[in-house]
Every structure is written in structure tokens, then in C-alpha cells.
Q: 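Below is a structure I'd like to ask you about.
Chain letters run A, B, ... following the sequence lines, proteins first and then strands; every chain starts at 1.
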Amino acid sequence: MRISPHRLGAFALAAAGVLGVAGEALAQHWPTEPVTFAGGRLLVGGDVSATFGSEDPGWFTYTDYETSAIRRVRAGVTVEARASNRVSFLTEIRAETGVGVTPYAWYVRISPLASRLLDIQAGRIPPVFGAFTRRAYPQDNPLIGSPQTYQYLTSVRADAIPATVDDLLAMKGRGWLVRYPVGDTSPHNGVPTVAAERWDTGIEVRVGPPAFEAAVAYTVGSLSDPKVSENNRGGQVAGRVAWHPVAAFTVGVSAARGVFVADSVRQARPDAPPGDDTQRAFGIDAEASWGRWLVRGEYVANTWQVPPLDDPQVRDPLGSHAGYAEARYRLHPRLYAAIRGDLLRFTDITSPGGDETWEADVIRVEYGAGFTIRRGLLLKASVLSNWRDGGRVEASHLGAVQVLFWF
Amino acid sequence: MARTRRSFIVRGGGAIVALATAAWLSCWPAAAGANGTIRGTVVIRRSQLVTEARPASAGLGAGPRRPVEFRPAVVYLDKAPGGAFELPEPGRAAMDQKDQTFVPHVLAITVGTIVDFPNSDLTFHNVFSLSKTKVFDLGRYSRGKSKAVRFDRPGVVQVFCDIHSHMSAYILVFAHRYFAVMDRTGNFAITGVPPGSYSLAVWHEGDVRETRALTIPESGGTIEAEFVIR
């Protein structure tokens, strides 16, 4: 069933009314702080979001073959257990329609200095690259969709690669279900440039907040394909340096390099020439706020290198350039408006027909509003307009509403 | 001349928390006797003195240590003498933002008071409230700057920061002047109370914990009251 953005808007208004009444009824026992046990040594927080959106025949908003970011119910529980003032254990368990229950994060955090200017985290840890990965939670995202860098499924896979340029171009604009002849030959979705839905496993060290912050991590996966356990012969090193020259402004620079292609691919083609099957990325992010405004932006340049196999060979790195800018303006203590402009472009490769982009460029404009029914209960509505330079569906205008509860 | 007695209803954080009941009550006899004082102590048996930030797995490290907060109780007359509503010129009060904490955590004021919200932290803050008594949003502002809000209705206002979800505070706006915030030793005193029968209430962290009837005799004097909040 197709749902128009206008019908979703009407639904959002009705839902606001119903939730407003329910919110008042529940208000007396509404938590405004995390639940604590054992004198504050065990903290529990959580969030639940339900997102209802239009059908997306162009797969613009999918995070894997099964799940659209604008059609899902998600619940998460985060627990922090403090063994001492310097050691704590954090875990986040997330349940999501189409995905099931996932231990999204589990790691130990060690703060060896009393000043907390040094922290070490080990386990399944948050990514250090970029800014959006650490605010992918619904309450930190003023809109419903994610920037395409962190969500849009490209035609690249870690466990399967094209043997020729023709194999690659045949998958152009259809990252939701990709099939290549080398490696895992079953169809499966491609990867986003930077995965925000899964976290990697490794160790991370951070120094120096609040005016200056630097973090570096070594993990077993890669930016676009985080892993719990190793699937190739190398890991990834990623880092980010952030500077807060004034309280209102933050600028960060990130870089990452890691082995991307799975060993199973090379085992399938032992004749593949040696090379670095890496993903490299560089990013800049910035955030500024003043008065009722909050403005953010990011730029990410990225390449995947896959082994050249058969003629015509994929010799060029598969590159992408992505950037977005978003703004939120608070119209009223309960109401804000937000907009995000988002561009994802891909580099050219040499093909028998001449130079062309190896993937279809995508543009997205998302605009919407959020209404705070009460603290911890937020209703969002947004419209996502997507345009793609190729693929089965080249333009798609989608609507979505999201109800979010958090404590 | 007859004087009237009014009640005081406080609604806290969207939840209806009746700190007093009913509206206009019976006639109030002329205050022929001496005013009295209600003093005593409030013992808080269990209180979370550190406002913890939400456990955030997305952090690259630990957040700043949370300071211990003083979260006092407020003792007030549920029903006040009519003369109490002839309030003097409303004044100013301040609620600072320091170490990502509102200081004080509880502010008790009379209707019409203007409250300043200075920012003493290095980070931005964004004070707001969605309480029915006063809905406001001061936007984001930096260290050294201050914004003010006038509170012109009685009730409870729960205050938050839009940037730091662990920051919260209460402002109790009274329509009369017969209230007191307990000090760090638990002591409180409400002075200048005309003779009469009252209901004395104690409020703590969003709820009225206990109410108690008491009488100030015509001769005035001091009435003692002890409360224990568990």
C-alpha cells in the first residue's frame, strides 16, 4: 500500500493528539532520569521508536535488504555497570523489526586518570570516524532518515566482488541486492560508505576533552563492514581529532584505513594479483549552534580497492564523495523544524564504453518537524525526496512519521 | 473586616501534584493576635544526590564526573491567609548552570519573580521547560551570558537543559509568602504566620510527601514540625 506524505501528516497530527492524552495520563510516573540501582553503580537507559513510512520502491532508505529506516520499530536498552570510579562495563541490546535482537555494543571503559583526560574502551565499541555514527539514535537525529553516507546501500560488497567492469556496472543503482561472480555468489545487499547500524570490535583510546579531543581505534572490520570477528587478514585503524575553539562550534577531522575484502574472495580466485584490498576514508565534520539554531555538516571522501581480475578489469579505486548539511530551528519550546540536504557522488571508472561513474549518484533532501509531547516523548514527521542518476527508480518522494520514547 | 483564605495548587512536570486543595475557603478572622513561626527539620532518608547522565554507549569515553547536588525539600502552608496574597513587589532570583548542574536544584519564589539563568560553564546550555505553569525555551547561550524568565502563575516548573539531558531542576512558584526551603542541615522556618489553623505540606522532588494540620494560637509563638521523607 502506498501512503502519501499528506496522509502521513494527518496521521502525525492524530497521533500527537492521542499521545498527548496518553502522555498526560502517564506523566506522574514518567522517568526524567536514568533508572539507577546499587547506589548509582548500575544505570539503565532506553529508547523505543516506531517509524511508519511510505513504501520505498527505489530502496533509497533501506539499511539492508529487509529493513527500511522509515518502516521499522526499534527498542534499545543500555546498561552501564560501574565496577569502580575508573572501570565500567557498557552494553546496549537492541531489538528491531526484521533484524531481531542484537548486542549492538558491549565493551569495557577504563578511565585510568582521575581527570578523565584519558579513556580506553575495548570490545564492540562506537566508531570514532565522523560525527553521525555516534548520534544515530533517534533522539539525536532531528529528522527520521540518515545521511546517505551512513545508510545508502552501494553496490560494493566485502564478501563478493565483480570480476569485470561489466559485472560492476550491471549492479549500478541496485545496492539493495547485489550479486557478483567472485566470492559469495548469492544475492545480498551492498554496504553503505560508513555503517551506522552496526559497530565494530576492537580497542579505542581517547584523550583530551573538552576543548580538544583525539581518538584512535583499531578494529577487526572496516568502516562499511564492521565485524565481531575477523574475516580477512587485516584490521582497520581509524582516528578523529576534534577541536572546540568556542563552546558553540566543533570541527572534527577523521581518517580510516582498513582491509575491506574478505579472505573468502581471494580464496575463490587465488590467481588474483596481490594488492591492498582496502577501504580508505577521510572526513570533516562541523557543528555550530546559537540561540534557536543548530547547524551540522559532514564531508566524506572514500575509496574501496578491489583486486583486478578479468578483462575489462576494475583497475580504478571505487571512490565516493558525500556531503550533507542539516539545520534545526526551534520554533517553540515544543516544536522544531529541520532540513537536510544530502549528496552522494561516485567516481568514474574506465569501461569499454568510456569513462562513467561506477555507481549512480544520489541526492536527497529531507525536511520535517519534531513535536515534543512531553520530555522523553517526541513525535517527528518528515518528507524525503530522493533522486538517483540511474537504477530502476530514479526519483522517489517519501513521507514518514516517528514516535520516540526515551529515558 | 473579614479576610479570606486561599489555597495553592501546584502542578509539577505535567503531573498534577496537589500541594494544596480547593479554592476560596471560609472567612478569615481579623488577626488580633501575634504572628507565629513554624520551624522544624526535614530528614531525607533516601535521596539520589547525583544526577546521572543517561548511560550512552555511543560515547568515546566517560563524561565529566557529576557533582553532588543538594536536593532540598520545601515546606509551605497549603492554605494561606488572605493577606498573604498582597505580595510585595516581586524580586529577582537566580538559577546558575555550573558543572552541568542547575544551582540551586530547587528554587522557591513568589508569583511575579524574575529568575535569571546565568551560564557559568565552558559549554553551551539551553534552558527550557514544558511544564504547564510556564513553557519556555531560552535557546543556546554561552558562558558569561544570562537569560531571564518571569514566572507569573503559581505551580511547579521543572527545568531542563536541551543539550545535557541529565540537568534538571525545580522552581516552585507560590501565590503567597508562607514557604521555606530547608537548609543543608534540614532546618526550615516560616515566619510571620498569623494565628489560625493551617495545613502544612512538605514537597520533595516532584511530590507532596506529607501534609499536617497545625494551629498558630492567638498568642503567636513557635510551632515545631518534624518531617521524615523515606
Side-chain angles (χ1 to χ4, degrees), chain A residues 23-24 27-30 32-34 36 40 43-45 78-80 85 88 90-92 104-107 109 111 116 118-121 125-126 128 133-137 139-140 204 206 209-211 213 215 240 244 246-248 289-294 330 332-334 372 374-375 406-407, chain B residues 11-17 46 48-66 68 100 119 121-132 134-145 147 158-163 165-170 205-207:
Chain A
E24 286 302 319
Q28 291 192 44
H29 304 288
W30 204 267
T32 56
E33 295 174 4
T36 60
L43 282 76
V44 180
T78 305
V79 178
E80 179 177 354
N85 283 337
S88 57
L90 287 98
T91 185
E92 179 173 352
Y104 192 72
W106 40 263
Y107 59 89
R109 173 185 290 162
S111 306
R116 294 197 175 185
L118 173 66
D119 292 287
I120 302 164
Q121 300 188 150
I125 52 175
V128 301
T133 43
R134 290 181 303 283
R135 57 179 179 85
Y137 299 92
Q139 69 267 25
D140 294 329
E204 171 247 320
R206 180 191 74 164
E213 182 181 46
R240 178 173 183 265
H244 312 274
V246 292
S289 60
W290 66 95
R292 299 178 184 277
W293 284 97
L294 173 63
R330 194 168 285 283
H332 178 270
R334 291 185 183 275
T372 303
R374 58 165 298 109
R375 188 167 186 267
W406 57 269
F407 66 92
Chain B
R11 296 166 190 271
I16 299 172
V17 182
R46 292 182 63 186
Q48 176 79 27
L49 294 178
V50 177
T51 306
E52 296 292 355
R54 297 179 68 221
S57 60
L60 294 178
R65 291 191 196 284
R66 310 289 317 129
V68 173
Q100 296 186 11
N119 181 356
D121 275 336
L122 291 173
T123 60
F124 265 37
H125 287 299
N126 188 151
V127 186
F128 77 98
S129 176
L130 300 176
S131 299
K132 284 184 175 176
K134 188 72 179 181
V135 177
F136 67 92
D137 186 331
L138 298 183
R140 297 178 174 216
Y141 54 98
S142 59
R143 179 186 180 91
K145 294 187 176 173
K147 294 192 178 184
Q158 198 166 9
V159 178
F160 299 103
C161 174
D162 189 46
I163 302 170
S165 64
H166 49 276
M167 290 177 65
S168 69
Y170 290 96
E205 289 297 292
D207 292 312

Q: Please flag which part of A:W106 lies under 4.5 Å from any non-hydrogen atom of chain B: side chain, backbone, both or neither.
A: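 No part of A:W106 comes within 4.5 Å of chain B.
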Q: For the candidates B:D162, B:N126, B:T123, B:L122, which exhibits the highest count of non-hydrogen atom pairs separated by less than 4.5 Å from chain A?
A: B:D162
Q: Using non-hydrogen atoms and a 4.5 Å limit, figure out which bit of A:S289 sits close to chain B: side chain, backbone, both or neither.
A: both
Q: Which pair of non-hydrogen atoms, one from B:A58 and one from A:P126, has the smallest distance, and what is that distance?
A: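 Heavy atoms only, the tightest pair is O-CB, 3.7 Å.
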Q: What's the shortest heavy-atom distance between A:D119 and B:L60, and which atoms?
A: CB-O, 4.2 Å
Q: Which atom pair, heavy atoms only, marks the closest approach of A:V44 to B:P55?
A: C-CG, 3.9 Å
Q: Just so I understand: if I count every heavy-atom pair under 4.5 Å between each of A:R109, A:E204, A:R292 and chain B, which residue has the most?
A: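 Between A:R109, A:E204, A:R292, the count favours A:R109.
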Q: Sort A:L294 into side chain, backbone, both or neither according to what part of it lies under 4.5 angstrom from a heavy atom of chain B.
A: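 Answer is side chain: those atoms of A:L294 sit under 4.5 Å from chain B.
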Q: Within the structure provided, determine whether A:R375 and B:S165 are in side-chain contact (heavy-atom separation under 4.5 Å).
A: yes
Q: How long is the gap from CZ on B:R140 to CZ on A:R330, to the nearest 0.5 Å?
A: 8.5 Å
Q: I'd like to know whether A:W290 forms a side chain to side chain contact (heavy atoms under 4.5 Å, CB included) with B:S142, so could you lay out the CA-CA distance, the side-chain angles of the two residues, the decisive distance to 0.1 Å, and finally the verdict.
A: CA-CA 9 Å; A:W290 66 95; B:S142 59; over 6 Å; no
Q: Given a strict heavy-atom distance threshold of 4.5 Å, which part of B:F136 is in contact with chain A: side chain, backbone, both, or neither?
A: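 The backbone, not the side chain.
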Q: About how many Å separate CZ of A:R374 and OG of B:S131, when rounded to the nearest 0.5 Å?
A: 8.5 Å
Q: Is there side-chain contact between A:P333 and B:L130, with heavy atoms separated by less than 4.5 Å?
A: yes
Q: Examine distances only and state if a side-chain atom of A:Q121 and a backbone atom of B:G59 form a donor-acceptor pair shorter than 3.5 Å.
A: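 Checking the backbone N and O of B:G59 against the side chain of A:Q121, a donor-acceptor pair under 3.5 Å is found.
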Q: Quick check on A:A248 against chain B: is it the side chain, the backbone, both or neither that has a heavy atom closer than 4.5 Å?
A: both
